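Structure first, then comments.
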Number of protein chains: 4
Amino acid sequence: MSLRERKKEKKINEIMNSAMGLISKKGYHATTMDDIASELLMTKGSLYYYFKDKEDLVFYCTKQLLGESIQQAEEIERLDVNSHEKLHKAIVVHMEYLLTERSGFEIGSKPRSFFSGEKLDHVVKLRHDYASCMDRMIEEGMASGEFEQGDVKVKRNLLLGAMNYSISWYSLSGPLDITETAHKSAEHLMKMFVK
Amino acid sequence: MSLRERKKEKKINEIMNSAMGLISKKGYHATTMDDIASELLMTKGSLYYYFKDKEDLVFYCTKQLLGESIQQAEEIERLDVNSHEKLHKAIVVHMEYLLTERSGFEIGSKPRSFFSGEKLDHVVKLRHDYASCMDRMIEEGMASGEFEQGDVKVKRNLLLGAMNYSISWYSLSGPLDITETAHKSAEHLMKMFVK
Amino acid sequence: MSLRERKKEKKINEIMNSAMGLISKKGYHATTMDDIASELLMTKGSLYYYFKDKEDLVFYCTKQLLGESIQQAEEIERLDVNSHEKLHKAIVVHMEYLLTERSGFEIGSKPRSFFSGEKLDHVVKLRHDYASCMDRMIEEGMASGEFEQGDVKVKRNLLLGAMNYSISWYSLSGPLDITETAHKSAEHLMKMFVK
Amino acid sequence: MSLRERKKEKKINEIMNSAMGLISKKGYHATTMDDIASELLMTKGSLYYYFKDKEDLVFYCTKQLLGESIQQAEEIERLDVNSHEKLHKAIVVHMEYLLTERSGFEIGSKPRSFFSGEKLDHVVKLRHDYASCMDRMIEEGMASGEFEQGDVKVKRNLLLGAMNYSISWYSLSGPLDITETAHKSAEHLMKMFVK
DNA sequence: GATGAATGAGTCTTCATTCAT
DNA sequence: GATGAATGAAGACTCATTCAT
């Protein structure tokens with residue numbers, strides 16, 4: 001990859017990070033293209049060189065966020081450890097990723113408000129993929145006898161809600177750092193699953 | 001209260017219900033004063049007879065929502081049952097209320113994006129009151145030995161996140177009705193607390 | 001019709017006239033909603049109370065323009081006079097209307113650049129209706145032996161082009177008034193048809 | 001002329017052709033510098049090496065278009081044939097040129113919307129020159145008794161309108177090819193002039 | 001009390017133009 | 001000469017808010 005291309009890629013990532021940060025802090029509609037641009041000391045117009053429109057920008061953010069989450073989760077799924085360790089690790093990684101990137105899942109959880117057409121389909125599919133991966137880990141644990149039986153979808157949704165909400169309450173100035181928070185949360189949440 | 005006043009109060013409640021329903025479905029910024037008005041077959045202008053501005057309307061919605069939640073929670077707190085039953089009931093009631101009213105806590109969870117000045121202070125205080133009530137129930141259970149020891153705030157936040165997210169995933173057309181969903185969720189979530 | 005409704009209708013007509021005048025003078029893209037509004041001493045925002053968007057405004061202008069033209073032409077078609085007189089009158093009326101309203105046919109002649117979907121279909125249909133009416137008059141004259149035989153469509157298009165272009169060259173400050181211009185032009189153009 | 005200069009000239013012509021084609025198809029404002037560049041597989045920036053700005057580019061296009069038309073018309077004017085043949089030929093050549101190049105006269109007919117200053121003057125002058133040449137042919141025919149007397153300017157404008165509109169209605173997929181269309185039109189239009 | 005109408009600030013988006021490399 | 005990147009002014013459109021009737 002040429003220098004130019006690397007520079008461009010870097011810029012794209014900067015924009016996406018800025019966008020994700022602001023959106024997770026202020027929400028999609030309250031975040032203007034100007035906000036995103038000025039945080040990066042660019043002008044609004046420049047954003048449109050890299051992304052077709054706001055929906056496009058947010059779509060790529062969401063795609064990256066969910067994509068990386070899925071990848072991480074699937075790697076964990078393939079580990080040669082028991083279900084308990086898998087799910088625990090998945091929770092820790094999810095929360096660490098979320099709190100480190102400070103990137104909200106507002107978009108991910110109401111995709112219909114932000115996307116349409118193919119983009120909507122894509123996001124819905126990614127969310128489904130992530131949920132499925134979680135579900136498989138939970139089902140595996142139930143099948144092996146490690147986890148208690150129960151409605152997998154309800155459990156998974158409670159788990160996702162609990163994890164994702166952390167971005168609203170976690171504070172860097174609080175007593176716990178991100179790793180501690182993630183681990184504590186994971187321990188608490190795992191109790192929903194074990195016998 | 002005169003007939004006139006009662007009529008006015010009724011209207012105010014209709015407006016608030018309409019507003020809460022729409023905001024929880026579409027989000028604060030995507031819900032326009034027009035949307036709210038036309039759902040009630042009124043004109044936008046009329047809303048301003050009842051509420052000073054959008055912030056005002058949303059403030060009273062939030063206040064009512066949180067206020068009722070607090071009241072419910074405090075009633076439960078005063079019941080003469082053990083901590084387990086209290087917290088379980090609080091979860092059930094919270095979720096039933098949330099899913100029945102279909103009113104989101106988007107506002108409640110990022111008050112700084114929607115309110116300022118005294119209104120912000122008020123909402124923050126209400127959120128704090130609700131959280132405190134939850135915390136007291138949890139602490140009571142820990143003190144009595146029913147619940148496991150642990151970081152109360154983290155546990156409470158995980159609990160709130162899990163409950164509030166339900167509005168995003170619960171579907172009337174799914175296999176479970178609201179009461180069943182609330183009870184199943186409560187059972188799963190209680191496992192975070194018991195020994 | 002109530003006073004309010006009549007006022008509204010009047011406003012709508014004022015807006016349409018302003019829009020048609022400006023567009024025929026400066027072209028569609030060069031005419032901004034601001035231009036139209038400020039000519040009427042309104043703000044841009046008000047226009048959007050009456051018309052959904054620019055396409056909508058221009059659509060109704062075009063519809064009215066073509067609609068009235070069609071009506072006029074069809075009335076002439078039904079007159080109990082020979083084909084020569086009919087076509088002559090149709091030309092005069094068309095040009096007088098065009099030059100009086102100072103409303104261009106730029107839109108009418110490239111509808112695909114301005115409209116889409118149903119609106120496009122509608123405009124295309126109206127254009128077709130108008131052309132058909134012209135064609136019928138020409139064919140009638142050919143059938144009756146008054147007019148020379150020939151390719152009806154080519155003749156009609158030459159005629160339309162000649163007439164519509166008048167808006168670009170006719171000048172109020174020139175030696176001829178609108179009526180004189182229309183009549184002179186009609187006499188010249190009729191020579192294309194007669195034997 | 002050096003190789004380099006010839007290359008540059010060739011590029012300039014390519015750009016002008018691309019620009020004229022697009023503008024006549026989509027209109028001036030709807031044609032972006034990007035459209036023009038990408039049709040030639042160049043980047044927008046490069047255009048600015050060859051033309052100072054969009055007005056400049058369009059000015060040279062217009063100048064060339066009108067210039068060639070004038071040259072053709074003047075050549076025809078100098079032919080040693082009667083007025084009828086001259087005007088007939090002028091019409092045929094004008095239409096063939098127009099339909100072959102598919103280059104509109106939108107610009108030519110509303111120069112005030114596109115040009116200013118010296119450029120405007122120049123375009124106005126060229127338009128005037130072309131009109132004058134037409135007028136001379138018509139006057140010559142009237143003087144020689146071939147053509148009927150009449151308002152030369154009105155006739156010339158009707159003629160120009162009829163010819164120029166052809167770009168809007170002529171279709172390559174129709175039954176007539178360009179030459180046939182031009183000849184048919186010329187025959188019809190000549191009837192406006194002959195006794 | 002209600003409503004039609006108007007307003008203006010704010011947001012997204014486009015595009016001609018510039019410039020460093 | 002060419003290009004990728006950046007810019008800023010302009011334009012379409014939205015929407016909370018106001019106000020006369």
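Predicted model only: the values in this text are computed from it and were never measured. Numbered from 1 within each chain, the chains take letters A, B, ... in sequence-line order.
Aromatic pair D:Phe59/D:His122: centroids less than 6.0 angstrom apart.
Consecutive Watson-Crick or G-U pairs involving DNA chain F, each under 3.5 Å on both distances, make up stems of three or more pairs at E:2-21 with F:2-21.
B:Ser113 has its side chain out of reach of A:Lys25: every pair of non-hydrogen atoms, C-beta onward, lies at least 4.5 Å apart. Here the side chains of B:Leu57 and B:Ile36 are in contact, with some heavy-atom distance below 4.5 Å.
Side-chain N/O atoms of A:Arg4 include none lying less than 4.0 angstrom from OP1 or OP2 on E:dT21.
As a whole-Å value, the separation of A:Lys10 NZ from F:dA5 P is 13 Å. At whole-Å resolution of the value, CG in C:Leu22 and C1' in F:dG11 are 15 Å apart. As a whole-Å value, the separation of D:Asp56 CG from E:dA16 P is 14 Å. Atom NZ of B:Lys7 is separated from atom P of E:dG1 by 9 Å (rounded to the nearest Å). Taking atom CD of C:Glu9 as the reference point, atom C1' of E:dA5 lies 16 Å away to the nearest angstrom. Per the geometry, CG belonging to A:Leu3 stands 14 Å off C1' belonging to E:dA20, to the nearest Å.
In this structure, the side chain of D:Ser18 does not engage the main chain of D:Glu14 through any donor-acceptor pair within 3.5 Å. Checking side-chain atoms of D:Ser38 against main-chain N and O of D:Leu41 turns up no donor-acceptor pair under 3.5 Å.
Going from atom CG of C:Leu47 over to atom CG of C:Leu40 covers 7.5 Å, rounded to the nearest 0.5 Å. Residue D:Gln64 holds its CD atom at 7.5 Å from SG of D:Cys61, rounded to the nearest 0.5 Å.
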Nucleotide-resolved protein contact map, nucleotides 6-13 of chain E, B/S/- at heavy-atom distance under 4.0 Å: SBB--SBB

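Relative orientation of the A:Phe114 and A:Tyr28 rings is perpendicular, given thresholds of 30° and 60° on the angle between their planes.
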